[in-house]
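For reference, the structure discussed in these notes is given below.
Source: prediction; values computed, not measured.
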Amino acid sequence: MIDWLQNHLIPCPFKALTGIDCPGCGFQRSVIALLQGDFSKSWHHYPPTIPLIILFVTAGITYRFPIKKNPFIMKMLIIAVGNFVLISYLVKMLALFRH
């Protein structure tokens with residue numbers, strides 16, 4: 001299954017058009033590394049993978065089992081994960097332009 005996933009990755013249209021990684025480039029390879037149990041490789045490919053998975057799971061749970069504080073929890077989690085994605089992208093772009 002993992003071999004099939006590795007051979008059928010969806011190409012990034014942004015990168016195909018511009019030649020520059022988008023803020024989500026590396027996510028698929030990172031998830032595959034997580035499925036293989038390689039957390040270090042997953043982090044190397046795309047650091048926000050685990051926070052994004054936590055966000056998706058939390059969204060699914062709070063959708064299925066609504067709680068009163070749901071809007072606040074989700075807003076804070078979305079802001080935190082969004083900032084994580086933005087910061088990791090900026091770090092990646094700075095490292096790219098330094099070379």
Which residues share a side-chain hydrogen bond (donor to acceptor under 3.5 Å, both in side chains) with T62, sequence neighbours left out: N70

Is there a side-chain contact (heavy atoms from CB on, under 4.5 Å) between L96 and D21? Walk through the geometry before answering. CA-CA 10 Å; L96 180 70; D21 285 352; over 6 Å; no

Does some side-chain heavy atom of I32 sit less than 4.5 Å from a side-chain heavy atom of H45? no

Taken in chain and number order and not counting sequence neighbours, the residues that satisfy side-chain hydrogen bond (donor to acceptor under 3.5 Å, both in side chains) with S42 are S30

Kindly compute the distance separating CZ (F84) from CG (L86), expressed to the nearest 0.5 Å. 11.5 Å

Spacing of F27 atom CZ and L9 atom CG [to the nearest 0.5 Å]: 12.0 Å

Kindly check if the number of other-residue, nucleotide or ligand heavy atoms within 6.0 Å of CD1 (I10) is above 12? no

Give a yes or no on whether F14 atom CZ has more than 12 heavy-atom contacts from other residues, nucleotides or ligands under 6.0 Å away. yes

Donor-acceptor contact present, side-chain Y46 to main-chain S88, <3.5 Å: no

Reported CD1-to-OG1 distance for the pair I54 and T49, which is rounded to 0.5 angstrom: 11.0 Å

Is there a side-chain contact between Q36 and Q6, using heavy atoms and a 4.5 Å cut-off? yes

Verify side-chain contact (heavy atoms from CB on, under 4.5 Å) between Q28 and L5, making sure each step is shown before the conclusion. CA-CA 9 Å; Q28 295 176 93; L5 287 173; over 6 Å; no

Look at the side-chain heavy atoms of Ile, Leu, Val, Met, Phe, Trp and Tyr, link any pair under 4.5 Å apart, and say whether L35 and W4 land in one connected group. yes

Side-chain heavy atoms nearer than 4.5 Å, only ILVMFWY residues, links allowed to pass through others: does that put I79 and Y89 together? no

Any L34 side-chain heavy atom under 4.5 Å of K41 side chain: no

On a heavy-atom basis, the closest approach of P47 and P51 is O-CD, 3.7 Å

Measure across A59 and M74 and return the closest heavy-atom pair with its distance rounded to 0.1 Å. CB-CE, 3.6 Å

Reported CD1-to-CD1 distance for the pair I78 and I73, which is rounded to 0.5 angstrom: 11.5 Å

Quick check for you: to the nearest 0.5 Å, what is the distance between R29 atom CZ and H44 atom NE2? 8.0 Å

Do the non-hydrogen side-chain atoms of I50 and W43 ever get within less than 4.5 Å of each other? no

Output the distance between atom CD1 (I61) and atom CZ (F65), rounded to the nearest 0.5 Å. 8.0 Å

